[in-house]
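What follows is a short report on a single structure.
Only heavy atoms go into these numbers, but all of them, side chains included; no hydrogens, no water, no symmetry mates. This is a predicted model, so every value here is computed, not measured.
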Amino acid sequence: MSDSCDACGSSVEDALARTIRLSVDRSTVDEQRLCPGCFAEWIDRYEQQMRTEPDVTIDEENDIIVD
Ligand SMILES: [Zn+2]
């Protein structure tokens, strides 16, 4: 079974899909299922944001945490 990417809408196999969770104050406020390309863009965007916004971190499970 395959589902579509939340960002670009193209279908993506479960084996390739990545899920990103955006958490604020330890509660999940957004969860997106992404294809590998959109996942890489997300990480790039948040890594840039982390340089200017020290409160944003990405943990080892690719959860994006905003304290
Ligand atoms: Zn995508």
Side-chain angles (χ1 to χ4, degrees):
M1 182 184 140
S2 68
D3 211 338
S4 58
C5 170
D6 285 337
C8 69
S10 66
S11 72
V12 50
E13 299 284 332
D14 275 345
L16 297 175
R18 302 293 200 97
T19 302
I20 284 184
R21 277 194 300 279
L22 177 62
S23 303
V24 178
D25 294 333
R26 295 175 185 276
S27 61
T28 301
V29 295
D30 193 22
E31 189 167 313
Q32 298 205 32
R33 190 176 185 279
L34 301 175
C35 69
C38 291
F39 175 77
E41 283 176 24
W42 253 78
I43 295 297
D44 278 356
R45 199 182 318 154
Y46 273 89
E47 280 178 345
Q48 286 186 2
Q49 199 166 332
M50 281 162 60
R51 278 182 214 123
T52 54
E53 292 261 4
D55 289 346
V56 178
T57 54
I58 302 175
D59 73 11
E60 59 278 358
E61 293 178 327
N62 294 316
D63 290 349
I64 295 163
I65 315 293
V66 183
D67 290 320

Gln48: side-chain hydrogen bond (donor to acceptor under 3.5 Å, both in side chains) partners, not counting sequence neighbours: none

So which atom in [X] and which in [Y] form the shortest heavy-atom distance, rounded to 0.1 Å?
X     : Y     : value
Cys5  : Cys38 : SG-SG, 3.8 Å
Pro36 : Val12 : CD-CG2, 4.2 Å
Gln32 : Ala7  : OE1-N, 4.5 Å

With [X] via side-chain contact (heavy atoms from CB on, under 4.5 Å) - residues at least two apart:
X     : answer
Ala40 : none
Thr28 : Arg21, Ser23, Glu31
Arg45 : Trp42

Quick one, Ser10 and Ser4 - any side-chain contact, counting heavy atoms below 4.5 Å? no

For the residue pair Thr19 and Leu34, establish whether any side-chain heavy-atom pair is separated by less than 4.5 Å. no

Residues pairing under ring-ring contact (aromatic ring centres under 6.0 Å, His included) where one sits in residues 10-35, two or more places apart or in two chains, turn out to be none

Would you confirm whether Asp30, through its side chain, and Leu22, through its main-chain N or O, come within 3.5 Å as a donor-acceptor pair? no

So, taking the atom named CD1 in Ile20 and the one named CD1 in Ile43, what distance separates them when rounded to the nearest 0.5 Å? 4.5 Å

